[in-house]
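In this text the structure is predicted, and so the values were computed from the model without any measurement. In this chain, residues are counted from 1 in sequence order. Only this structure's heavy atoms are used, side chains among them; waters, hydrogens and symmetry mates stay out.
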Amino acid sequence: MIIFTAVPPPSRWNENKIKGRAEEIIGIVEGSGLKTINVPEVPGKVSPIEFSRILKGIKGEIDVIIDKVVPKNWGKEIEEIFREISNLTGKLALVKIGENSNLVGLAKGYFREIYGITIFTRKGEDLRLFNRTVWGFDAFISQIIFETESLRKTLENYYELCRRNGVKPARIFVSVAPAKGERDIRFLEGFRVEIPEDIKEEILMGNGLEVAKRLAEEVLSMPWNLGINVEHVMMDNLELAGELLRCLANRRTQNYTNF
């Protein structure tokens, strides 16, 4: 399965410009034969709830995953937020949940699928994934990757923990993105995305799309039923992300057993 993470446009844009960006995103998704858009919560951007309303207003059958950054001191107001989101979708991604395991159970009362975030390079991520699976997360979307060694180690240990304890593993969506150049590299590293030096050189030579394609192929050749999440990193990378989505969609058509 492939999903597309579409960053909402800046909240300062006017209504027509925001709608135009939503139409672009819908066009890319339709052209790739996809059905699911993940809408993150980003400071300074249109809220994921509002942007999802706009997306679904253009094409109602589009499936959205709405991200919600969990406040540190959340209280009963979180249920009001869950109710609002559940009017738009049955899929929620909980971000920065900390150790609030009871929040997952609460969310289960409103949504059919609960997503979490995973960072393969983080110490102890295999155990963190396992614990959150036990809490009730159905799937995880990873931080953008530029190497697969840490992914392999984390997932090998995670699946073994699930096997030994009789726990059904959650679905893992591995995030790839076609980075354009130095600006993208600096932006990603600001979010602690680890990019090997040889990969940086490829990106700086203008081969970011080829890097992302290669990583996706590596992920899909692994012995697990992994999904792919495509992100566009910066606002002007949308067209490049669309090209990556089309390539992956063509691969799925040619070899659908991997999806």
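Scanning for ring-ring contact (aromatic ring centres under 6.0 Å, His included) contacts around Phe146 gives an empty result, with sequence neighbours left out. Under the salt bridge (charged side-chain N to carboxylate O under 4.0 Å, His left out) criterion, Asp67 pairs with no residue, sequence neighbours left out. Scanning for side-chain hydrogen bond (donor to acceptor under 3.5 Å, both in side chains) contacts around Glu239 gives an empty result, with sequence neighbours left out. For the side-chain hydrogen bond (donor to acceptor under 3.5 Å, both in side chains) test, no residue two or more places apart in sequence or in another chain qualifies with Glu80. Partners of Glu147 according to the side-chain contact (heavy atoms from CB on, under 4.5 Å) rule, which considers only residues two or more places apart in sequence or in another chain, are Thr121, Glu149, Ser150, Pro196. Shown here are the ring-ring contact (aromatic ring centres under 6.0 Å, His included) partners of Phe137, two or more places apart in sequence or in another chain: Phe140. Qualifying side-chain hydrogen bond (donor to acceptor under 3.5 Å, both in side chains) partners for Asn207, counting only residues two or more places apart in sequence or in other chains: none. With sequence neighbours excluded, no residue forms a side-chain hydrogen bond (donor to acceptor under 3.5 Å, both in side chains) with Tyr159. Residues that satisfy the side-chain contact (heavy atoms from CB on, under 4.5 Å) test with Arg192, not counting sequence neighbours, are absent from this structure.
Salt-bridge annotation for Glu243 and Arg246: absent, with no side-chain N of the basic residue lying under 4.0 Å from a carboxylate O of the acidic one. Using a 4.0 Å cut-off between charged side-chain N and carboxylate O, Arg186 and Glu182 make a salt bridge. Of the charged side-chain nitrogens involved, none lies within less than 4.0 Å of a carboxylate oxygen, so that Lys153 and Glu156 do not count as a salt-bridged pair. Under the 4.0 Å criterion applied to side-chain N and carboxylate O atoms, Arg163 and Glu160 are assigned as salt-bridge partners. Checked for salt-bridge contact, Arg132 and Asp138 miss the test: no charged N lies under 4.0 Å from a carboxylate O. Ion pairing of Glu30 with Lys59 is present here, as a side-chain N (NZ or NE/NH1/NH2) and a carboxylate O approach within less than 4.0 Å.
Residue-environment remark: CE (Met205) stays at or below the threshold of 12 foreign heavy atoms within 6.0 Å. Within a 6.0 Å radius of NZ in Lys19, other residues, nucleotides and ligands contribute 12 heavy atoms or fewer.
At least one donor-acceptor pair closer than 3.5 Å links the side chain of Lys180 to the backbone N or O of Asp236. Not one N or O on the side chain of Asn165 forms a donor-acceptor pair closer than 3.5 Å with the backbone of Val167. Proximity of a side-chain donor or acceptor of Arg171 to a complementary backbone N or O of Asn225 within less than 3.5 Å is detected. For the pair Ser142 (side chain) and Ser175 (backbone), a donor-acceptor distance under 3.5 Å is present. Side-chain atoms of Gln143 come within 3.5 Å of backbone N or O of Phe191 as a donor-acceptor pair. Side-chain atoms of Glu41 come within 3.5 Å of backbone N or O of Val69 as a donor-acceptor pair. Side-chain N or O atoms of Thr36 include none that pairs as donor or acceptor with a backbone N or O of Asp63 at under 3.5 Å. At distances below 3.5 Å, at least one donor-acceptor pair connects side-chain atoms of Thr89 with backbone N or O atoms of Lys91.
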Taking it one step at a time, do Asn131 and Leu127 satisfy side-chain contact (heavy atoms from CB on, under 4.5 Å)? CA-CA 6 Å; Asn131 287 337; Leu127 185 58; 3.8 Å; yes

Any chance you could lay out the side chain to side chain donor-acceptor pair (under 3.5 Å) test for Thr154 and Asp126, step after step, and finish with the verdict? CA-CA 5 Å; Thr154 296; Asp126 49 356; over 6 Å; no

Go through the steps to decide whether Lys35 and Glu61 satisfy the test salt bridge (charged side-chain N to carboxylate O under 4.0 Å, His left out), and finish with yes or no. CA-CA 8 Å; Lys35 295 180 180 179; Glu61 56 268 39; over 6 Å; no

Decide salt bridge (charged side-chain N to carboxylate O under 4.0 Å, His left out) for Glu217 and Arg214; before the verdict, give the C-alpha distance in whole Å, the side-chain angles of both, and the deciding distance to 0.1 Å. CA-CA 5 Å; Glu217 287 291 337; Arg214 188 172 69 241; over 6 Å; no

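Closest of all the heavy-atom pairs between Leu240 and Leu209 is O-CD1, 4.0 Å. In terms of heavy-atom proximity, Phe4 sits nearest to Ala241 at CE1-CB, 4.0 Å. Of all non-hydrogen atoms in His232 and Asn237, the two that sit nearest each other are O-CB, 2.8 Å. Between Met235 and Pro9 the shortest heavy-atom distance is CE-CA, 3.6 Å. Residues Val46 and Pro8 approach most closely at O-CB, 3.3 Å, considering heavy atoms.
The stretch residues 10-64 participates, sequence neighbours left out, in no ring-ring contact (aromatic ring centres under 6.0 Å, His included) pair at all. A salt bridge (Lys or Arg N to Asp or Glu O under 4.0 Å) check over residues 47-58, counting only residues at least two apart or in different chains, returns the pairs Glu50-Arg53, Arg53-Glu84.
Between the side chains of Tyr158 and Thr118, not a single donor N or O lies within less than 3.5 Å of an accepting N or O.
To the nearest 0.5 Å, the span separating CD1 on Ile195 from CD on Glu201 amounts to 12.5 Å.
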Show every donor-acceptor pair shorter than 3.5 Å between a side-chain atom in residues 109-116 and any protein atom, with sequence neighbours excluded, or say none if there are none.
residue : atom : partner : partner atom : Å
Tyr110  : OH   : Glu79   : OE1          : 2.8
Tyr110  : OH   : Arg83   : NH1          : 3.3
Glu113  : OE1  : Tyr115  : OH           : 2.7

